[in-house]
Amino acid sequence: CQFLHIWNNPKWEKNSLTYMIENYTPDMSTSEVDDSIEKALQVWADVTPLRFTRIYSGTADIMISFGSKSHGDFYPFDGPDGILAHAFAPAPGLGGDAHFDEDETFTFRSNTGYVLFMVAAHEFGHSLGLSHSNDPGALMYPVYTYSNPDTFVLPRDDVNGIQSLYGPNPDKDPVQPGPEPPTTPNSCDSALVLDAVSTLRGEMIFFKDSFFWRSYPQSTTPQQSLITNFWPNAPINIDAAYESQYSDNILLFKGRRVWAFSGYDLVRGYPKSISSFGLPESVSKIDAALYDVESGKTLFFVGSSYYSYDEAKKTMDQGFPKRSDETFTGLTSKVTAAFQYKGYTYINRGQHMLKYNLRTGSLLRVLRTSYLLQC
Amino acid sequence: VPIPQEVTVEDEYFAESYLKNFFNLTEETGPTIRRGISPVSKKLSEMQRFFGLKITGTLTADLATREKMKKPRFGVSRHQC
């Protein structure tokens, strides 16, 4: 049995498949379960010729059931957390079936518990012949990740995988194909432009799209994760971030709002408006934020200028905004990220990173953005 | 800086069970006279490579490997035999 899946790549030899929901979890109403299962199958139907029909008796290609511990196959569940569900690759009989661990708490939309839609969509990938992907942004990545089902779009990695088995959806409207499947950024992409960079209790966090790379002293390879895996209610595609070593929080900025997290937890009262820092109403977003450890000031970059905020007094310093090049040699244009690392100040400008001595403002080096991402 | 945590016996049992469940670690049968990389270490390296972790083949290097093992996850694609 262990070698079977290495030798063949099972797929269904037909495009019309049936499914049946054998029983229900008490965690959700039957209509919520029905809706979650239907939407989870639709995720795959949207990008392939596959079509799913629900039946209410007999034996369907994909039998769906909830069970705990030993539940009739050779693969017992393990109680709360751990393994959430499993499914069988396409084949007659048990093949295609999906089993959900009844000891989990399944939910319809909220992220307290496991969103059944997300778990089901992943398991139906197995039911259709896919195995796990090592792309952390993929639906077929083996670790559960919360996503909002209402805005979920099947990532590119999964689309490529399922279309390699069944081809594209012949009914897709070429004029309105729908949202582009999201791709997972590559830290060693020479054209990489980071959204933001921050420290976080001894680590470095590099933000890009809905991901971040986490690099800490002992690691040689930065760890890529979804931002929402770490902070479920954090924004993605952020503008700026910094760690206030004064308040021991990390702050994420997007548009006119700022979120503060203490460890994993959203700080009470956030998100709040960036004007709470004393920035003028005319500032609709910031491009980068930098906490200067020596002075205890936070610099907010907006276009080709910057503001200085006193973390202790919680007030904006007088005499700002200033032009960035008044302090940073040659910095005449907009920046994309800013941070301090080992006593030096780094300011990202598109694909390049400028290394400064903040005390003197002198430009020491021009580096590639991915310089600290250990490529 | 994160304080390196000692690897407990429970950690080792958990890791072995994880590797059996998700990375086809098989019980070693027959004479164990050949020296070489232990199957556990080999599978641990495979798991670390899959998740983009630092590849050490051991649990002691850093917490990331153990943290990843503890995350809620999906079972591997099963095959009816």
Side-chain angles (χ1 to χ4, degrees), chain A residues 1-6 8 10 73-75 77-78 80-89 91-97 99 101 104 114 119 122-123 125-127 129-136 140-145 187 201-203 213-214 216-224 229, chain B residues 1-7 10-30 39-40 42-81:
Chain A
C1 182
Q2 292 164 344
F3 300 105
L4 188 61
H5 70 281
I6 295 173
N8 72 18
D73 60 22
F74 291 107
Y75 308 103
F77 285 132
D78 56 358
D81 303 314
I83 301 176
L84 307 179
H86 60 219
F88 288 80
L94 206 55
D97 293 359
H99 302 163
D101 185 350
E104 311 303 345
Y114 301 103
V119 179
H122 175 103
E123 294 309 329
H126 291 314
S127 300
L130 290 181
S131 49
H132 284 147
S133 163
N134 64 1
D135 176 337
M140 294 312 291
Y141 187 67
V143 174
Y144 171 83
T145 303
S187 62
R201 297 182 183 172
E203 300 184 10
W213 291 278
R214 180 182 164 197
Y216 44 94
Q218 301 102 329
S219 76
T220 51
T221 52
Q223 263 264 293
Q224 187 172 27
N229 223 9
Chain B
V1 175
I3 300 171
Q5 307 281 321
E6 287 308 312
V7 175
E10 287 75 20
D11 285 334
E12 287 183 358
Y13 276 132
F14 186 85
E16 247 185 77
S17 153
Y18 185 93
L19 295 172
K20 279 177 189 158
N21 241 339
F22 306 115
F23 287 86
N24 280 334
L25 173 67
T26 49
E27 290 290 344
E28 220 173 47
T29 53
V40 170
K42 205 179 285 185
K43 285 296 179 185
L44 199 49
S45 297
E46 185 183 324
M47 175 253 177
Q48 287 166 334
R49 184 175 303 108
F50 181 88
F51 284 113
L53 300 167
K54 184 177 169 183
I55 300 173
T56 63
T58 70
L59 284 176
T60 52
D62 59 273
L63 273 183
T65 300
R66 277 176 277 166
E67 279 179 353
K68 185 63 84 173
M69 284 184 172
K70 295 280 175 50
K71 284 190 181 295
R73 61 161 289 162
F74 307 102
V76 295
S77 178
R78 294 298 181 190
H79 290 270
Q80 175 185 307
C81 298

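To find a chain, count down the sequence lines: A is the first, B the second, and so on, and within it residues start at 1. FYI, side chains are in, hydrogens and waters are out, and symmetry mates aren't considered; it's all heavy atoms of this structure.
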Q: Identify which part of F22(B) has an atom lying under 4.5 Å from any heavy atom of chain A, answering side chain, backbone, both or neither.
A: side chain
Q: Mind listing the closest non-hydrogen atom pair of H126(A) and S77(B) along with its distance?
A: ND1-CB, 3.4 Å
**Q.** Segment of F77(A) engaging chain B (4.5 angstrom heavy-atom cut-off)
**A.** neither
Q. When rounded to the nearest 0.5 angstrom, what is the spacing between CG in D101(A) and CZ in F74(B)?
A. 12.5 Å
Q: Quick one: which of H122(A), E123(A), M140(A) has the most heavy-atom pairs under 4.5 Å with chain B, could you say?
A: H122(A)
**Q.** Contact class of S133(A) relative to chain B, heavy atoms under 4.5 angstrom
**A.** backbone
Q: Output the distance between atom CZ (R73(B)) and atom CG (L84(A)), rounded to the nearest 0.5 Å.
A: 9.5 Å
Q: Would you give the length of the straight line joining atom CZ of F51(B) to atom CG of N134(A), rounded to the nearest 0.5 angstrom?
A: 9.0 Å
Q | Approximate separation, where rounding is to 0.5 Å, of E67(B) CD and Q223(A) CD | A | 8.5 Å
(Q) Out of V119(A), D81(A), V143(A), D135(A), return the one with the most heavy atom pairs under 4.5 angstrom to chain B. (A) V143(A)
Q | Side-chain heavy-atom pair R78(B), F74(A) within 4.5 angstrom cut-off | A | no
